[in-house]
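Data first, discussion second: the structure below is written as structure tokens.
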Amino acid sequence: MDRIDLHLHTTASDGSCSPAGLVRLAREQGLRAIAVTDHDTASGYAEAARAGRELGLEVVPGIEISTKFNRAVHILGYYIHPEAESLREVTEGLVRDRDERNRKIARLMAADGLPVRYEEMRQRFGQVIGRPHFAELLVELGLASDMQDAFARYMERGQKYYLPRTILPLERAHEIIRQAGGLPVLAHPFQYRLDAAGLRELIETCLESGLRGMECRYTGYSPEQVRYLETLAEEYGLLKTGGSDFHGQAKPQVPLGVGLDVPYAWLEALKEAV
Ligand code: AMP
Ligand code: FE
Ligand code: FE
Ligand code: ZN
């Protein structure tokens, strides 16, 4: 009953569970606390917090911001104030930028005769629309067998319907999170395919911008990998966090909070550090 999951997506970004639905699911799994960490927005938090109060589940406000190091790096922000003006300005800017790119992708698809209308996507998927939503449409249209296939054939860099969007610099993501009162945490450190020296360089660069924690437990990480990350976090004086990166049906291979064994004590340490 002391397990938590601090990395979860909802329909506010590219997850398939509503914020309230996510809370119900977490409760069913017997979790004690969760964090809502949608891409580029904290707009799912209010609904999740309400459901959390009703069902007796602690809900932590969070966000996940994509940045650029020498590759894409994701920075999580915990205990950001979801209503902070500074945060809203940035997230609205990110959404506008996404919108521009997304409209172009939708136009490319429409030009190929696919029945894709961006306004309809907005109605169906909400504010933060990303490549996963386009991938989902391609699967529905029978052009791909599943999400992975849709990405590999159409949505990954170099493929037909890939278009880049503006990515914030690493320092800027830390600054945004700190200005909104939150703690910047390096997400899923093994996803960047860095060698040991590269990972240290990334951590040290982040530390210069105010990094406070590192995600040490994550779906698919082996006990050896987890031990390695925990040792590294301790060496650098970083707080430890962990989460599944659950997206619901959008990433059916990633379950919520199962087998990660992220202890509640880690959340207590985060709270003390805010
Ligand atoms: P966007 O921010 O709209 O460019 O989309 C990026 C999102 O697409 C990431 O957060 C991932 O969730 C998802 N994604 C990227 N590559 C893949 C892939 N190969 N398969 C499935 N999902 C992917
Ligand atoms: Fe995602
Ligand atoms: Fe991520
Ligand atoms: Zn994520």
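Predicted model only: the values in this text are computed from it and were never measured. Read the numbers this way: they start at 1 and go in the same order the structure lists the ligands and their atoms.
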task: Establish, yes or no, whether a centroid distance under 6.0 Å links the rings of His247 and His39.
output: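 Yes, ring centres under 6.0 Å apart.
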Distance from [atom] to nearest protein heavy atom, with residue and atom:
| atom | value |
| --- | --- |
| atom 13 (C) of ligand 1 | Phe151 CZ, 3.6 Å |
| atom 6 (C) of ligand 1 | Arg131 NH2, 3.5 Å |
| atom 19 (N) of ligand 1 | Glu156 OE2, 2.8 Å |

Determine whether the side chains of [X] and [Y] contain a donor N or O and an acceptor N or O closer than 3.5 Å.
| X | Y | answer |
| --- | --- | --- |
| Arg165 | Ser66 | yes |
| His9 | Glu64 | yes |
| Asp5 | Ser244 | yes |
| Tyr118 | Arg107 | no |
| Asp112 | Tyr161 | yes |
| Asp40 | Thr91 | no |

message: Does ligand 1 come near enough to His74 that some N or O of the ligand is less than 3.5 Å from an N or O of the residue?
response: no
task: Going by heavy-atom distance to atom 2 (O) of ligand 1, choose the closest among Arg165, Gln191, His39.
output: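 Heavy atom nearest to atom 2 (O) of ligand 1 belongs to Arg165.
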- prompt: Looking only at non-hydrogen atoms, which of Arg98, Arg157, Lys251 approaches atom 12 (O) of ligand 1 most closely?
  reply: Lys251
Provide the number and element of each atom of ligand 1 under 4.0 Å from a heavy atom of [X].
| X | value |
| --- | --- |
| Asp14 | 12 (O) |
| Pro132 | 5 (O), 7 (C), 8 (O), 13 (C) |
| Arg101 | 1 (P), 3 (O), 4 (O) |
| Gly130 | 3 (O) |

For the Zn ion (ligand 4), find the closest N/O/S atom on [X] and give its atom name.
| X | result |
| --- | --- |
| Glu64 | OE1 |
| His7 | NE2 |
| Asp245 | OD1 |

- request: Could you please compute the angle at the Fe ion (ligand 2) from NE2 of His247 to NE2 of His39, rounded to 10°?
  value: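 The angle at the Fe ion (ligand 2) comes to 110°, rounded to the nearest 10°.
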message: Any N/O/S atom, side chain or main chain, of His9 closer to the Zn ion (ligand 4) than 2.8 Å?
response: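 Yes, within the cut-off.
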message: When you compare the side chain of Val60 with that of Val36, does any pair of heavy atoms fall below 4.5 Å?
response: no
- request: Give the C-alpha distance, both sets of side-chain angles, the deciding distance and a yes or no for ring pair (Phe, Tyr, Trp, His ring centres under 6.0 Å) between Phe190 and Tyr221.
  value: CA-CA 8 Å; Phe190 286 126; Tyr221 287 7; 5.2 Å; yes
query: Between Arg227 and Glu230, is there a side-chain N and carboxylate O pair less than 4.0 Å apart?
result: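 Not counted as a salt bridge, because no side-chain N and carboxylate O are separated by less than 4.0 Å.
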- prompt: Applying the 4.5 Å side-chain criterion to the ILVMFWY set and letting contacts propagate, would Ile4 and Phe246 be lumped into a single cluster?
  reply: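 No; tracing contacts between hydrophobic side chains, which count when under 4.5 Å, never links both residues.
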query: So, for atom 15 (C) of ligand 1, does the protein have a heavy atom nearer than 4.0 Å?
result: yes
Metal check, the Fe ion (ligand 2) vs Asp14 N/O/S, cut-off below 2.8 Å: yes
task: Using 2.8 Å as a strict upper limit, say whether an N, O or S atom of His9 approaches the Fe ion (ligand 2) that closely.
output: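 No, His9 does not qualify, because none of its backbone or side-chain N, O or S atoms lies under 2.8 Å.
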task: Take the angle between the ring planes of His7 and Tyr218 and call it parallel below 30°, perpendicular above 60°, tilted in between.
output: tilted
- prompt: Given that the side chain starts at C-beta and the backbone is N, CA, C, O, which of these parts of Met155 lies under 4.0 Å from ligand 1, counting heavy atoms, or is it both or neither?
  reply: neither
query: Of the backbone atoms (N, CA, C, O) and the side-chain heavy atoms from C-beta on, which set of Met147 has a member under 4.0 Å from an atom of ligand 1: side chain, backbone, both, or neither?
result: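 Contact part for Met147 vs ligand 1: neither.
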